[in-house]
Amino acid sequence: MENSFEAKGLRSHYIANLSLDDVGERVAICGWVARVREHGEHLVFVDVRDRTGLVQVVAHSSVDLRSEYVVQVNGLVSRRPVGTENPALATGEIELVETEIEILSPADPIPFSVQDRSEVDEATRLRFRYLDLRRDRMQENLRMRAKINSAIRASMERQGFTEIETPLLWTPTPEGAREFVVPSRLHPGLTYVLPQSPQIAKQLLMVAGFDRYYQIARCLRDEDLRADRQFEFTQLDLEASFVTQRDIMSFISDAVIAASAAAGISVDHEIGEITWRDSMDKYGVDKPDLRYGNELIDVTQVFSETSVRALSAPCLKALVAPYPSHLSRSKLDDLVDRAKGLGAKGLLWLRVVSDTDGVRLDSPVSKFLTDQESKDLIAATGVSEGDVILIVGDEWAKACQVLGQLRIDLAKSEADPRAYKFVWVVDFPLFEGVDEDGRLISAHHPFTMPNEEDFPKLDTDPLSVRSQSYDLVLNGWELGSGSIRIHRRDIQSKIFSLLGIGSEEANNRFGFLLEAFKYGAPPHGGFAFGIDRLAALLVGEENIREVIAFPKTQSGSDLMTGAPKEVENKVWDLLGLSVRPQKKDLS
RNA sequence: GGACCUGUGGUGCAGCUUGGAGUGCACGUCGGCCUGUCAAGCCGAAGGUCGCGGGUUCAAAUCCCGUCAGGUCCGCCA
């Protein structure tokens with residue numbers, strides 16, 4: 001615990017600063033009553049806690065102290081009597097005696113114990129968040145997050161980045177995430193929106209010549225919440241000019257390595273890379289968890305001549321199940337259901353068993369497989385007795401996705417929680433598909449620069465065009481993404497036309513950016529990664545709520561404040577708005 | 001919009017499968033005893049619309065339907 005700063009005001013010392021060196025000195029400490037142990041009116045032990053630690057206070061008269069009372073204690077630092085030291089406590093060799101205890105603020109019995117380590121119902125924690133935050137877990141998490149922030153800032157400063165704030169009241173740019181709308185009072189009927197990210201603002205800063213910009217920025221998206229998604233979240237947002245993708249990746253690597261070090265975690269200084277295509281092929285996801293292996297294996301060729309319907313597919317992917325001993329027949333049936341739930345037509349399992357004739361495959365389709373197919377499958381997957389092979393046949397992407405999810409389902413609980421495997425995923429496709437009107441859909445955003453080698457394919461085979469975009473992944477979580485941006489108007493026009501965005505629409509939505517690009521736009525690119533996610537992973541939490549002081553529930557409520565709440569009609573009147581009755585009010 | 005899990009004194013859990021008196025455990029709270037504890041100990045007490053509504057039944061915490069809240073996930077998150 002850091003406590004090198006000076007104690008001021010009502011206290012002479014922070015608790016963690018008290019030690020045997022202070023024996024004989026009268027001190028004043030302030031904090032909360034953690035526990036009271038009363039041995040009759042002549043001997044009472046009071047544990048007092050502050051932000052730095054906990055110390056035992058001894059009183060020789062009855063005290064009216066209860067848990068979580070706020071107190072100031074004046075007392076003499078004293079070595080504990082021999083045999084009563086508590087090695088479990090940092091201050092366990094000393095105690096405060098000859099004490100005067102002043103109650104600064106009494107406390108009602110609290111809804112759940114601040115001292116207890118037991119899990120408390122999520123709703124209760126959130127309703128009394130200020131008490132939850134008093135607990136060690138949240139104190140440690142938020143202090144660690146602050147250190148991570150600090151390390152990131154230091155890294156950015158070291159690399160010559162300038163911190164610049166951008167507006168929270170921004171302009172609607174309808175695309176991508178749903179935006180939070182902020183009605184204008186001075187212009188009834190018109191709105192601002194809260195930014196999904198400072199994307200366009202930071203590109204304008206490049207046009208402005210700031211060259212290297214960063215910000216620890218709040219981003220807001222009105223989309224459904226998840227364990228790793230809140231309405232509002234914080235990103236390290238950066239943008240730089242006259243640089244390549246490699247340069248951006250190096251800036252970010254420096255920042256996340258520094259952040260990890262601040263959290264006491266050392267990681268490889270060379271963060272590995274994988275192409276998007278390879279990641280999908282091997283792991284079935286674009287955010288691979290490299291803490292465990294079990295890569296997917298392409299077995300399309302093995303069954304090219306098959307008569308088995310389930311194996312007649314454009315692509316066959318196989319997964320050798322990790323921990324196959326966990327897979328009973330009913331578990332295998334569950335996996336088949338899971339695969340179907342993920343959109344597969346089915347899932348084929350084959351157990352590798354041995355009998356007098358050697359190794360063979362036991363499966364619902366065994367008798368339909370030729371000896372050659374069995375032999376080739378065993379060779380292709382490298383399995384031996386006891387293994388279980390799972391096969392999905394479908395289009396390439398679907399087969400990969402389904403087995404990729406099964407790989408996670410089967411191995412995740414066995415992953416080393418102390419391992420931290422960063423990886424860059426590069427060469428994403430520029431377009432992720434085609435919408436119902438036949439227009440291409442941006443995989444990242446419409447300002448992403450195509451890979452220059454693939455320019456010729458923009459007209460002939462746009463879906464195969466790679467982009468100069470890159471994601472940073474840690475233990476299967478997407479931390480963030482970035483790209484080199486388009487700064488040339490001819491390329492931008494080309495992309496807009498492929499996306500089916502007419503010049504009028506483009507001007508309407510991004511006119512101010514396109515206009516800015518007329519006046520000397522440097523080549524530039526950037527990145528943003530989620531600090532909530534990084535902090536959660538680095539402190540070993542599985543939900544970003546654990547590193548956010550005042551988060552929302554999955555349904556977007558704040559159980560402490562009651563938000564969102566109704567407002568009086570005069571508030572709507574002022575904004576020139578009115579509220580329609582909800583469906584359920586009409587029935 | 002959808003799937004699944006959870007909801008039982010202030011807190012954490014058991015009870016639900018197979019209906020039979022609000023039954024149990026731990027913590028906390030309140031009172032008493034206690035001069036070296038540190039998750040103090042001992043004795044005693046209080047504290048419950050079993051989330052809410054409806055249904056089935058002689059009888060519902062338990063079975064059924066609906067609903068609300070929390071969580072995990074799918075959709076969604078350029």
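Within every chain, numbering begins at 1; the chains are lettered A, B, ... in the order of the sequence lines, protein sequences first and strands thereafter.
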Original post:
Between Glu232(A) and Arg218(A), does at least one N-O distance fall below 4.0 Å, as a salt bridge requires?
Top reply: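 Yes, charged N to carboxylate O under 4.0 Å.
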
Original post:
Is any side-chain N of the basic residue among Asp47(A) and Arg37(A) closer than 4.0 Å to the acidic one's carboxylate O?
Top reply: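 Looking at Arg37(A) together with Asp47(A), the answer is yes, because their closest N to O distance falls below 4.0 Å.
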
Detail all sub-3.5 Å separations between protein N/O atoms and N/O atoms belonging to nucleotides 4-10 of chain B.
residue: G10(B); atom: O2'; partner: Pro111(A); partner atom: O; Å: 2.7

Take atom [atom1] of [X] and atom [atom2] of [N], then tell me their distance rounded to the nearest Å.
X	N	atom1	atom2	value
Leu89(A)	A39(B)	CG	C1'	13 Å
Gln115(A)	A39(B)	CD	C1'	10 Å
Arg229(A)	G71(B)	CZ	P	14 Å
Lys340(A)	C73(B)	NZ	P	25 Å
Glu38(A)	U35(B)	CD	C1'	12 Å
Ile441(A)	C76(B)	CD1	P	10 Å
Leu225(A)	C73(B)	CG	P	11 Å
Gln554(A)	G70(B)	CD	P	9 Å

Original post:
Nearest nucleotide by nearest heavy atom, which residue falls closer to the 5' end of RNA chain B, Asp47(A) or Gln199(A)?
Top reply: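 Counting from the 5' end, the first nearest nucleotide belongs to Asp47(A).
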
**OP:** Let me know, please, whether Leu126(A) or Glu119(A) comes out on the 5' side of the other along RNA chain B by nearest nucleotide.
**Re:**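 The residue closer to the strand's 5' end, by nearest nucleotide, is Glu119(A).
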
Shortest side-chain distance from [X], nucleotide among [options]:
X	options	result
Arg545(A)	G70(B), U72(B), G1(B)	U72(B)
Asn86(A)	C38(B), C76(B), U35(B)	C38(B)
Val120(A)	G12(B), U37(B), G70(B)	G12(B)
Arg226(A)	C73(B), U11(B), G70(B)	C73(B)

Would you indicate what [X] reaches in the nucleic acid, counting non-hydrogen atoms under 4.0 angstrom: base, sugar-phosphate, or nothing?
X	result
Thr84(A)	base
Arg80(A)	base
Thr448(A)	nothing
Glu68(A)	nothing
Ala443(A)	sugar-phosphate
Asn543(A)	sugar-phosphate
Leu559(A)	sugar-phosphate
Arg125(A)	nothing
Thr553(A)	sugar-phosphate
Glu95(A)	base
Asp116(A)	nothing

Going by purine N1 to pyrimidine N3 plus the second Watson-Crick contact, or the G-U wobble pair, all under 3.5 Å, which nucleotide sits opposite [N]?
N	result
A14(B)	U23(B)
C30(B)	G44(B)
A60(B)	none
A3(B)	U72(B)

**OP:** Taking the side chain as every heavy atom from C-beta outward, state whether Leu194(A) and Val182(A) have any atom pair closer than 4.5 Å.
**Re:**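 They are in side-chain contact.
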
**OP:** Taking the side chain as every heavy atom from C-beta outward, state whether Phe128(A) and Val120(A) have any atom pair closer than 4.5 Å.
**Re:**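 SC-SC contact between Phe128(A) and Val120(A) ruled out.
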
**OP:** Grab the two heavy atoms, one from Gln554(A) and one from Leu225(A), that are nearest each other, plus how far apart they are.
**Re:** NE2-O, 3.2 Å

Original post:
Under the criteria of a ring-centre distance below 5.5 Å and an interplanar angle below 30°, is His39(A) stacked with the base of A40(B)?
Top reply: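 Stacked: centres under 5.5 Å apart, planes under 30°.
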
Side-chain donor-acceptor distances from residues 474-482 of chain A under 3.5 Å, at least two apart:
residue: Asn475(A); atom: OD1; partner: Lys421(A); partner atom: N; Å: 2.8
residue: Asn475(A); atom: ND2; partner: Ala419(A); partner atom: O; Å: 2.8

At less than 3.5 Å, do the side-chain atoms of [X] and the base atoms of [N] form a donor-acceptor pair?
X	N	result
Arg35(A)	G28(B)	no
Arg37(A)	C34(B)	no
Gln56(A)	U37(B)	yes

**OP:** For the pair Phe496(A) and Phe510(A), name the ring-plane relationship: parallel under 30°, tilted 30 to 60°, perpendicular over 60°.
**Re:**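 Judged by the thresholds at 30° and 60°, the geometry between Phe496(A) and Phe510(A) is parallel.
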
Original post:
Mind checking whether Phe447(A) and His445(A) have parallel, tilted or perpendicular rings, split at 30° and 60°?
Top reply: tilted

Between [N] and [M], how far apart are the two [atom1] atoms, rounded to whole Å?
N	M	atom1	value
C5(B)	C65(B)	P	12 Å
U23(B)	G48(B)	C1'	13 Å
G28(B)	C64(B)	C1'	37 Å
U8(B)	G15(B)	C1'	9 Å
U67(B)	G7(B)	C1'	14 Å
C63(B)	U56(B)	C1'	8 Å
G12(B)	U29(B)	C1'	15 Å
G51(B)	C16(B)	P	15 Å

**OP:** Decide if the gap between the ring center of Trp424(A) and the ring center of Phe527(A) is smaller than 6.0 angstrom.
**Re:** yes

Original post:
Does one side chain, of Arg80(A) or Ser78(A), offer a donor that lies under 3.5 Å from an acceptor on the other?
Top reply: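 Their side chains do not contain a donor-acceptor pair, so the 3.5 Å distance test is not met.
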
Original post:
Going through the distances and angles, do His42(A) and Ser62(A) end up as a side-chain contact (heavy atoms from CB on, under 4.5 Å)?
Top reply: CA-CA 7 Å; His42(A) 300 296; Ser62(A) 189; over 6 Å; no

